[in-house]
Amino acid sequence: MSRYENLLAAKQQTIRVLAIACAIPTLLALLLGIGWITAPSRITLHYPPDLSGGAVQGMADIPKANIYSFTYYIFQQLNRWPTNGEEDYFERIHTLRNYLTPACFEDRLEDYRIKHDIKRVLSHRERAVWEIPGRGFSQDRVQQTSHSSWIVSLDLHVLETYRGEAIKDRLINYPVSVVRYEVDPELNPWGLALDCLAGVPRTIDVAEAAP
């Protein structure tokens, strides 16, 4: 091989090395750019409901009002049997499965089994729960027990009827356990889940519930 051919081969080898050296940072920059652009779509920010006075919110922080709203909504839906508890309760447990921890999901299935198979109290039973007026959200109703868990105190009016006749009409306090649950944002955008009850529900006296 002539000296000229050796120089030409060396030059081509140098060009290939430089091309690879340029391609690697270009590819890295492209990947970083894609990550920078798509990152906001994968970040969940929880805004407090009242921004009139401004708010300083960390990316991982969840305002107590949001935790309370989530807990009340899911708990209310879980306890809403519009026509027949025998069918409605079972359907609600499975519909809300992504908003329950696995342990809570199994706990509710066991509760359904006891009510359906042993006590036989679900047939044609209707159930609804709602907030007692004047006893909704306040800061002290959400107790943070760790970085990723809370206990929410719900004061609810519980009404159950059987074929149109009221058989249960009570005011009850439910301590509900809630945990951070960022498992599947597509199915649970809240990133929270009920972990069932944190204690025994307590009956509220009518005098106690008065404003």
Side-chain angles (χ1 to χ4, degrees), residues 49 64-138 141-143 149-181 183-210:
K64 287 186 174 183
N66 295 32
I67 294 170
Y68 180 91
S69 298
F70 167 82
T71 305
Y72 171 59
Y73 178 75
I74 299 300
F75 191 83
Q76 183 184 49
Q77 292 302 304
L78 186 63
N79 288 276
R80 177 60 179 137
W81 314 337
T83 56
N84 182 358
E86 193 171 29
E87 300 173 355
D88 296 336
Y89 188 24
F90 188 80
E91 181 271 334
R92 293 287 171 159
I93 293 171
H94 284 81
T95 298
L96 298 170
R97 181 172 188 170
N98 294 300
Y99 300 95
L100 308 174
T101 63
C104 187
F105 175 74
E106 294 297 332
D107 178 85
R108 291 301 85 193
L109 285 180
E110 178 64 14
D111 183 64
Y112 174 84
R113 186 188 68 80
I114 293 172
K115 286 182 169 64
H116 181 266
D117 298 340
I118 300 177
K119 296 183 178 180
R120 299 185 180 278
V121 295
L122 292 179
S123 180
H124 299 289
R125 179 173 292 209
E126 301 175 11
R127 180 181 175 98
V129 303
W130 61 93
E131 278 184 341
I132 300 172
R135 297 176 73 92
F137 169 73
S138 61
R141 287 199 175 275
V142 180
Q143 176 188 355
S149 61
W150 302 262
I151 294 178
V152 178
S153 178
L154 298 177
D155 284 352
L156 304 177
H157 190 155
V158 181
L159 177 63
E160 292 185 4
T161 60
Y162 177 78
R163 296 186 183 276
E165 181 180 350
I167 57 175
K168 184 176 183 179
D169 190 356
R170 299 177 186 172
L171 307 180
I172 301 177
N173 170 265
Y174 291 94
V176 184
S177 179
V178 186
V179 297
R180 199 182 294 268
Y181 195 66
V183 174
D184 193 335
E186 292 294 327
L187 298 177
N188 180 353
W190 285 81
L192 297 169
L194 299 191
D195 200 26
C196 285
L197 295 177
V200 179
R202 177 180 63 86
T203 301
I204 302 172
D205 294 333
V206 175
E208 180 186 350

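Computed from heavy atoms alone, side chains included, the values below leave out hydrogens, waters and symmetry copies. Here the structure is a predicted model, which means the values were calculated and not measured.
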Just how far is it from atom [atom1] of [X] to atom [atom2] of [Y], taken to the nearest 0.5 Å?
X	Y	atom1	atom2	result
Leu194	Leu78	CG	CG	7.5 Å
Phe137	Thr71	CZ	OG1	11.0 Å
Ser123	His116	OG	NE2	7.5 Å
Leu156	Gln76	CG	CD	8.0 Å
Leu100	Asp107	CG	CG	9.5 Å
Leu171	Asp169	CG	CG	7.5 Å

Within a strict 4.5 Å, meaning less than it, do heavy atoms of the [X] and [Y] side chains meet?
X	Y	value
Ile93	Phe105	yes
Leu197	Phe75	yes
Asn188	Val183	no
Val179	Trp150	no
Asp88	Arg80	no
Tyr99	Leu192	no

| query | Would the number of heavy atoms belonging to other residues, nucleotides or ligands and lying under 6.0 Å from CD of Glu110 be above 12? | reply |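 Yes.
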
Which heavy atom of [X] sits nearest to which heavy atom of [Y], and what is that distance?
X	Y	value
Asn84	His124	OD1-N, 2.8 Å
His157	Ile132	N-CG1, 3.8 Å
Asn173	Ser153	ND2-OG, 2.7 Å
Tyr68	Arg135	OH-O, 4.1 Å
Pro175	Ile151	CB-CG2, 4.3 Å
Pro82	Glu126	O-CD, 3.5 Å

| request: Would you check, one step at a time, whether the test side chain to side chain contact (heavy atoms under 4.5 Å, CB included) holds for Trp190 with Val178? | output: CA-CA 12 Å; Trp190 285 81; Val178 186; over 6 Å; no

| message | Using 30° and 60° as the class boundaries, would you call the ring planes of Phe90 and His94 parallel, tilted or perpendicular? | response |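 Taking His94 first and then Phe90, their aromatic rings sit tilted (interplane angle of 30° to 60°).
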
| task | For the pair Tyr89 and Trp81, name the ring-plane relationship: parallel under 30°, tilted 30 to 60°, perpendicular over 60°. | result |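 Judged by the thresholds at 30° and 60°, the geometry between Tyr89 and Trp81 is tilted.
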
| With respect to Arg125, which candidate in Glu165, Glu160, Glu86, Glu87 satisfies the salt bridge (charged side-chain N to carboxylate O under 4.0 Å, His left out) definition? |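 Testing Arg125 for a salt bridge (charged side-chain N to carboxylate O under 4.0 Å, His left out) against Glu165, Glu160, Glu86, Glu87 leaves exactly one candidate, Glu160.
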
| message | Within the 3.5 Å criterion, strictly below it, is a donor on Tyr181 or Asp195 matched to an acceptor on the partner's side chain? | response |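 No, no side-chain donor-acceptor contact under 3.5 Å.
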
| message | Under a plain distance cut-off of 3.5 Å, with no hydrogens placed, do Asn79 and Arg127 share a side-chain donor-acceptor pair? | response |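 Result is yes, a qualifying pair exists.
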
| field | Residue list, salt bridge (Lys or Arg N to Asp or Glu O under 4.0 Å) with Arg92, at least two apart or on another chain | value |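 If we apply the salt bridge (Lys or Arg N to Asp or Glu O under 4.0 Å) test to Arg92, skipping adjacent residues, there are no hits.
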
| said: I'd like to know if the side chain of Tyr72 reaches the main chain of Glu131, judged simply by a donor and an acceptor atom lying under 3.5 Å from each other, with no hydrogens or angles considered. | reply: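 Yes; at least one donor-acceptor contact below 3.5 Å.
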
| task | Could you pull out all residues at least two apart from Glu186 that satisfy side chain to side chain donor-acceptor pair (under 3.5 Å)? | result |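 Listed in chain order: nothing, the list is empty.
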
